[in-house]
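Following: one structure in structure tokens, then a few remarks.
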Amino acid sequence: MRYIFTAAVIAASLIGCTSNEEKPASTTDTAHDAHPSTATAAVPDNTPLPEIPANARVFFVNLKDGQTVTSPLKVEMGVEGLKVDSATAGLKAGSGHHHLLIDIDSIPTKVMVPATDSVRHYHFGNAQTSAEIKLTPGKHVLVLQFADALHRSFGTRLTSRITVDVKQ
Ligand SMILES: [Cu+2]
């Protein structure tokens, strides 16, 4: 259980994007675009995902599929055609933040990346582009998942998936 506790502590320090208790959005606001409010919790669920350029992608900068690594592992997260913003920056076209999923599948489009399971879901809501994670020895699947300011996944379109082999 020590591993889980450690991972939870690390993840908690990385989250910084669960600030759903900020001031509510103005009720007189009728425009869904151009609304960089930090009050993301008040945006209706049917708000469309921000537009993403056709050539946009996310990728692991320093890791290749099948690579043998050691733990703790430094993970550098790259984007092309996207802007990495903090979650508090609000919904903007071509913008969002990274998530790292450990040994699970990518998150379906528009579904929120869970914030409760910090062992397998890392949020980088402060616009981080690198992280150090601890992994147990053996093979692990790492999924880079881009999501909007509301932590809603862009789906497999903005995903990169690799397997790493963590040696003892
Ligand atoms: Cu997030």
Side-chain angles (χ1 to χ4, degrees), residues 4-25 32-53 56-63 72-135 140-162 164:
I4 291 172
F5 175 75
T6 307
V9 169
I10 292 169
S13 68
L14 295 170
I15 288 177
C17 55
T18 54
S19 52
N20 286 343
E21 292 155 20
E22 296 182 26
K23 57 182 185 292
H32 278 180
D33 52 353
H35 181 47
S37 166
T38 56
T40 51
V43 177
D45 285 341
N46 59 0
T47 304
L49 284 172
E51 279 182 38
I52 293 297
R57 69 183 190 104
V58 298
F59 55 94
F60 290 97
V61 176
N62 64 328
L63 298 169
L73 174 65
K74 184 173 188 192
V75 181
E76 294 174 33
M77 302 166 281
V79 294
E80 211 173 87
L82 297 166
K83 194 162 177 294
V84 180
D85 285 311
S86 70
T88 54
L91 297 176
K92 291 191 284 188
S95 162
H97 60 274
H98 287 294
H99 301 78
L100 185 60
L101 314 176
I102 310 295
D103 294 328
I104 52 172
D105 282 335
S106 62
I107 308 292
T109 303
K110 245 185 148 179
V111 172
M112 280 182 77
V113 179
T116 48
D117 181 356
S118 55
V119 177
R120 294 180 297 178
H121 304 87
Y122 290 82
H123 284 255
F124 299 104
N126 292 324
Q128 302 98 313
T129 56
S130 72
E132 198 169 83
I133 61 167
K134 288 185 176 171
L135 294 167
H140 293 281
V141 175
L142 306 185
V143 174
L144 196 54
Q145 176 74 71
F146 210 66
D148 72 8
L150 300 179
H151 318 283
R152 298 178 306 175
S153 172
F154 287 109
T156 53
R157 188 179 164 194
L158 291 185
T159 293
S160 180
R161 180 191 180 96
I162 59 170
V164 293

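Start at 1 and go down the list; that is how both ligands and their atoms are numbered. As the structure is a computational prediction, the values presented were derived from the model and not from experiment.
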Report the name of the N/O/S atom of [X] located nearest to the Cu ion (ligand 1).
X: His151; value: ND1
X: His123; value: ND1
X: His97; value: NE2

With a 3.5 Å cut-off and sequence neighbours excluded, list the donor-acceptor pairs that the side chains of residues 100-107 form with protein atoms.
{"residue": "Asp103", "atom": "OD1", "partner": "Val141", "partner atom": "N", "Å": "2.7"}
{"residue": "Asp103", "atom": "OD2", "partner": "His140", "partner atom": "ND1", "Å": "2.7"}
{"residue": "Asp105", "atom": "OD1", "partner": "Arg161", "partner atom": "NH1", "Å": "3.4"}

Assess, by modelled atom type and distance only, whether the side chains of His99 and His97 contain a donor and an acceptor separated by less than 3.5 Å. yes
Who pairs with Arg157 by salt bridge (Lys or Arg N to Asp or Glu O under 4.0 Å), at least two apart in sequence or on another chain? none
Is there a donor-acceptor contact under 3.5 Å from the side chain of Asp148 to the main chain of Leu49? no
